[in-house]
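One structure is given below, encoded as structure tokens.
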Amino acid sequence: MKNLHPVIKIRSFATGKSVKISEKAIEKTQLATEFFSDIGNMAIFIKQIVKETFSRDFEFKEFLRQCYEIGNKSLPLIAITGAIMGVVLTIQSRPALEDFGAVTMLPGMVAISIIREIGPVITALILAGKIGSGMGAELGSMKVSEQIDAMEVSATNPMRYLVVTRVLAATFMVPILVLFADALGLFGSWVGVNIKGDVSLVLFLSQAFSSVEFIDFFPALVKSFFFGSVIGIVGCYKGYNAGRGTESVGVAANSAVVLSSLLVIVVDLIAVQITDMIL
Amino acid sequence: MKNLQKEPIPAISTEEKPGRKMIEIIGLKKGFNNQEVLKDISLQLFSGENLVVLGKSGSGKSVLIQCIIRLLVPDAGSIEVLGSDVNSLNKNELDELRRKIGFLFQSGALYDSMTVKQNLEFPLRRIRKHLTEKEIKEKVNEVLENVGLADALNKMPSQLSGGMRKRISLARTIVIDPSIMLYDEPTTGLDPVTSDEISALINEVQKKYKTSSIIITHDIECAKATADRIMMLQDGEVYLEGKVKDFENSTDPIIKSFFK
Ligand SMILES: Nc1ncnc2c1ncn2[C@@H]1O[C@H](COP(=O)(O)OP(=O)(O)OP(=O)(O)O)[C@@H](O)[C@H]1O
Ligand SMILES: [Mg+2]
């Protein structure tokens with residue numbers, strides 16, 4: 001436990017009077033310092049991950065198991081969300097397009113928003129909650145109950161066995177899940193279009209894809225890979241560096257979700273800037 | 001119980017002279033952010049003996065044995081295990097040394113996501129890579145029988161009671177045929193009957209596998225049952241070292257508070 005800071009008095013230059021800085025303010029600055037030292041430690045963590053990824057004994061079996069865990073367990077959730085997003089987006093967009101008499105553009109417009117932004121970001125945010133917290137809690141409890149130490153004394157590098165496999169599995173599975181969400185989003189959108197009209201699925205798809213280009217598709221896929229690795233890295237980092245008590249498992253899971261969701265949004269912002277510059 | 005044949009471990013001779021030093025620690029010091037836990041610890045573990053390290057909760061017993069297999073790096077002092085200086089080994093040499101040391105964790109440290117069978121196979125597959133599937137299976141069954149839980153093979157750790165978990169982790173520790181065993185509070189949190197059973201198992205392991213062991217505990221019954229020699233830690237230093245009867249006969253108030 002850190003010592004509690006007493007209230008500190010600082011003489012203000014302007015008024016010459018003493019100003020009280022509350023413990024709260026000090027706590028806030030401490031939080032900020034913690035955030036930045038977190039980022040620094042995470043950089044070191046990433047460096048280790050990269051080093052272990054290219055080492056001789058890659059734990060291929062464990063990697064496949066993690067892919068299966070991530071993919072299989074998230075599939076229903078992603079499917080439902082993707083489909084609903086498609087329906088909702090379509091219903092919401094229709095009135096605006098109707099005002100311009102451009103309802104035929106509905107499939108194309110929705111397709112572009114799903115593929116470019118909604119699909120990847122919503123999927124990533126949901127997965128940040130699902131697999132980020134899962135990794136944080138699992139590794140956190142392995143740390144607290146000495147399982148990670150036990151691995152180490154069994155001549156197994158826990159970084160390689162637990163962390164690298166999870167980060168890579170997330171990196172590869174998140175884009176696949178994003179594609180899946182995109183597909184179901186489009187299907188949902190078709191359903192949404194048919195609530196107030198009658199368009200066959202084939203016609204809908206040809207309308208949708210006539211406006212979608214490679215430029216819409218490729219950057220979204222690339223950024224999905226980054227979303228995946230961000231979620232994997234943050235989840236593992238928080239779990240692997242959990243404290244010593246049982247309560248730190250909850251803390252690890254929680255902060256994994258918070259930080260990875262935040263970073264997903266930040267990566268999205270950076271990605272949009274880069275695509276804008278290049279294309 | 002089955003007749004056991006201990007496979008010879010390469011690199012160290014199976015016939016160890018009694019009196020050979022398995023572990024030698026000199027002047028060990030370890031602290032965590034300005035809290036000094038171990039101030040000056042020296043100890044020796046001789047071949048074939050059970051050394052019990054006593055001390056109250058928080059006195060740094062776990063820290064001590066974690067330093068021995070370098071899960072923690074000491075601030076000062078030297079630790080020699082089987083003749084090699086633990087803190088100057090490189091990664092491969094350290095793995096090599098750890099193969100000869102069994103570590104029973106305080107919390108058991110069974111892998112939650114694996115069955116008992118997979119838990120036992122894990123160190124075997126990773127430490128003794130030359131074994132065939134058949135040999136692995138035999139070995140797993142053998143150690144499970146030794147701890148009296150042959151029918152737990154396909155259970156998950158969450159389905160086991162506390163005492164069973166301790167036994168399974170003991171089985172997982174001896175499965176690699178270690179020559180040194182480090183027990184971190186093997187009986188804590190168990191009822192007296194189960195504690196006695198675990199103490200008996202520790203003695204059995206000592207005889208059958210000819211291991212030398214450090215047993216960390218604050219359970220006096222376990223200490224009396226297993227100790228060839230006892231060492232007591234107090235305030236990060238060795239308070240008293242001797243035989244069980246030296247402790248029982250002591251008039252020192254701190255020791256008496258343990259040996260009521
Ligand atoms: N990795 C660590 N980081 C920080 N402090 C630690 C660490 N390990 C141990 N400590 C501190 O060292 C002290 C001794 O801990 P240790 O676990 O060795 O006690 P112990 O003698 O094993 O007690 P118990 O009988 O309760 O297991 C404690 O105050 C603990 O907070
Ligand atoms: Mg302890």
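All heavy atoms count here, side chains included; hydrogens, waters and symmetry mates do not. Chain naming here is simple, since letters A, B, ... match the order of the sequence lines and numbering starts at 1 in each.
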dist B/S113:OG -> A/E69:CD (nearest 0.5 Å) comes out at 8.5 Å

Kindly indicate whether the side chain of A/T156, heavy atoms from C-beta on, has any atom under 4.5 Å from the side chain of B/F122.
-> yes

Main-chain N/O of B/S107 paired to A/E146 side chain as donor or acceptor, under 3.5 Å | yes

Side chain / backbone / both / neither for B/Q106 at chain A, heavy atoms under 4.5 Å | both

More than 12 heavy atoms from other groups under 6.0 Å of CZ on A/F63 = yes

Does OH in A/Y240 sit with more than 12 non-hydrogen atoms of other residues, nucleotides or ligands closer than 6.0 Å?
-> yes

To the nearest 0.5 Å, what is the distance between CG (B/D95) and CG (A/N157)?
-> 8.5 Å

Whatever's closer than 4.5 Å to a heavy atom in chain A on B/L110 counts as backbone

Mind listing the closest non-hydrogen atom pair of B/Y111 and A/S154 along with its distance?
-> OH-OG, 4.2 Å

Whether over 12 other heavy atoms sit under 6.0 Å from B/K39 NZ | yes

With sequence neighbours excluded, give me every side-chain hydrogen bond (donor to acceptor under 3.5 Å, both in side chains) pair touching residues 156-171 of chain B.
-> B/R167-B/E197

Yes or no on side chain to side chain contact (heavy atoms under 4.5 Å, CB included) for B/F105 and A/V153, after CA distance, side-chain angles and deciding distance?
-> CA-CA 11 Å; B/F105 285 89; A/V153 298; 4.0 Å; yes

Per-residue tally against chain A (heavy atom, under 4.5 Å) across B/L71, B/N33, B/T173 peaks at B/L71

May I ask you to list the residues in residues 39-55 of chain A that approach chain B closer than 4.5 angstrom, counting heavy atoms only, ordered by number?
-> none

Got more than 12 heavy atoms from elsewhere within 6.0 Å of CZ, B/F32?
-> yes

Residue part contacting chain A, namely of B/R172, when any heavy atom lies under 4.5 Å | side chain

So, B/R126 side chain and A/M151 main chain: donor-acceptor pair closer than 3.5 Å or not?
-> no

